[in-house]
There are 2 protein chains.
Amino acid sequence: MATSLAEENYLKIIYRLSENTDLGVSTNAVAELAQTKAASVTDMLQKLAEKGWVIYQKYQGVRLTPTGQKIALSIIRKHRLWEVFLVEKLGYNWDEVHEIAEQLEHIESDSLIQKLDEFLGFPDRDPHGDPIPTRDGKMADQIYQPLSEIKEKKDCVLMGVAKDAAIFLQVLTKLNLNLGVKITIVEINSFDRSLQIQVNGAAPIFVSHEVAKNILVKA
Amino acid sequence: MATSLAEENYLKIIYRLSENTDLGVSTNAVAELAQTKAASVTDMLQKLAEKGWVIYQKYQGVRLTPTGQKIALSIIRKHRLWEVFLVEKLGYNWDEVHEIAEQLEHIESDSLIQKLDEFLGFPDRDPHGDPIPTRDGKMADQIYQPLSEIKEKKDCVLMGVAKDAAIFLQVLTKLNLNLGVKITIVEINSFDRSLQIQVNGAAPIFVSHEVAKNILVKA
DNA sequence: ATAAATTTTTAGACGAGACTAAAAAATAAT
DNA sequence: ATTATTTTTTAGTCTCGTCTAAAAATTTAT
Ligand SMILES: [Mn+2]
Ligand SMILES: [Mn+2]
Ligand SMILES: [Mn+2]
Ligand SMILES: [Mn+2]
């Protein structure tokens, strides 16, 4: 069945909110991400339920059906492949691509994504370190951990981010915190949990716990 | 002012219908290309007129304002650049790209088109030989002529097509009539104006006048 | 010049997707 | 166990872009 742009965006949002929980997703949570009102969300959830893409019961929240999940994953796959294209081929920075990919992810053509994937060398991570779902709808687990969970004196490598808002990415760029850099934790300030770190062995800098939470690293 | 997908498509259609005439474009002509009804076209023309993109007077047809023309040309620019991308970078055939470009042409990002243009090496023709409008909205003239106007015994080179419907392009491909081939006119049959031609010096084949009209060549 | 045919516009309706205001249900506080 | 608060749903309205049916204007034919 055909999916409208609005439907695709709702499914993607529901998918995102489902990732960290087994409970149904609340109407208000969807409304916030969709930048719309709760009443509009209720309307849409009823439509999505009729199409068989979500399980929805009044006041009980919503969850994706296997079909709904499949659709969401295919949109996410397109989004992330386009992000790779924009960064790798067109020379964008990682903080500039999300909004454009939000548009490109809705282009409908199986062969296009197939060929794009090939053109890009079948990448398995996007420019923010997020796994790219496979063609048959399987997404690798996020295997990296937040920098905030690494112990003092340890080394690690920046593999991704847990948030791709431009404003956050620009901060990282300004601090030379790019994909692949080596991070050494010099000290963790116990009172506000901020970190003193070295980036590729350079002079130590400070980052807040909030920032560290959203930086994904491998030991 | 922002343009909706529907508005962009209407402006593009009006542009196309204006190319070969100085008269206003008729409601019915637009309706046919838009695959919609005349009543819907009338509605839209009134909206476009309010936005200052067309001059519209009841029963008098419609024509683009300079602003409207600018918008139309920017959509056509995007369409053709994406077509180049699909053929040159992703390996599509020229008969497969039009529908996908119809979607991609509506992606909104100045920097994206800028970077895409650069990535493609600033092409000035799309895979069908059509000129790509420049960033500041100038479109080169179509300098090629229909094969149907070439004299007997003359040689020419296939530079483009006047129609990019997949069904037509597939016929050309089947006859080895690809961009850049040398065509020699062996004979013109006077009774139905069909042509006997050689493609790159191979054994002669027949093409109808209808086909010849839509093949663009340079002598 | 009048009638017939065609084209175009208007009038009224509809679905998608959003909104506001108000009602209902679920949660939290006393 | 009642209130009070928050969340969610319903009811009614709006805009966009489309449709059909009918009216009006234009063009063509007689
Ligand atoms: Mn993104
Ligand atoms: Mn991403
Ligand atoms: Mn095309
Ligand atoms: Mn083309």
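Each chain gets a letter, A, B and so on, in the order the sequences are listed, and its residues count up from 1. Note that this is a predicted model, so its numbers are computed, not measured.
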Distance in angstrom units between [X] [atom1] and [N] [atom2], rounded:
| X | N | atom1 | atom2 | answer |
| --- | --- | --- | --- | --- |
| A:Lys37 | D:dG12 | NZ | C1' | 16 Å |
| B:Gln57 | D:dA24 | CD | P | 21 Å |
| B:Lys47 | D:dG17 | NZ | C1' | 5 Å |
| A:Gln46 | D:dA11 | CD | P | 10 Å |
| A:Leu23 | D:dT7 | CG | P | 16 Å |
| B:His106 | D:dG17 | NE2 | C1' | 15 Å |
| B:Glu7 | D:dT15 | CD | C1' | 12 Å |
| B:Glu50 | D:dC16 | CD | C1' | 14 Å |

Interface limits on DNA chain C, where chain B has a heavy atom under 4.0 Å of a nucleotide atom: C:dT7 to C:dT10
Does a donor on one side chain and an acceptor on the other come within less than 3.5 Å for B:His79 and B:Asp126? no
Just by distance, no angles: are the side chains of A:Asp136 and A:Thr134 close enough, under 3.5 Å, to form a donor-acceptor pair? yes
Do B:Glu83 and B:Asp130 have side chains that get closer than 4.5 Å, going by heavy atoms? no
Scan B:Thr27 against the nucleic acid and name what it touches under 4.0 Å (heavy atoms): base, sugar-phosphate only, or nothing. sugar-phosphate
Please work out if B:Thr36 contacts a base, only the sugar-phosphate, or nothing of the nucleic acid, heavy-atom cut-off 4.0 Å. sugar-phosphate
Of the candidate nucleotides D:dT10, D:dA24, D:dC16, which contains the atom at the shortest distance from the side chain of B:Tyr59? D:dA24
Salt bridge present between A:Glu50 and A:Lys47 (N-O < 4.0 angstrom): no
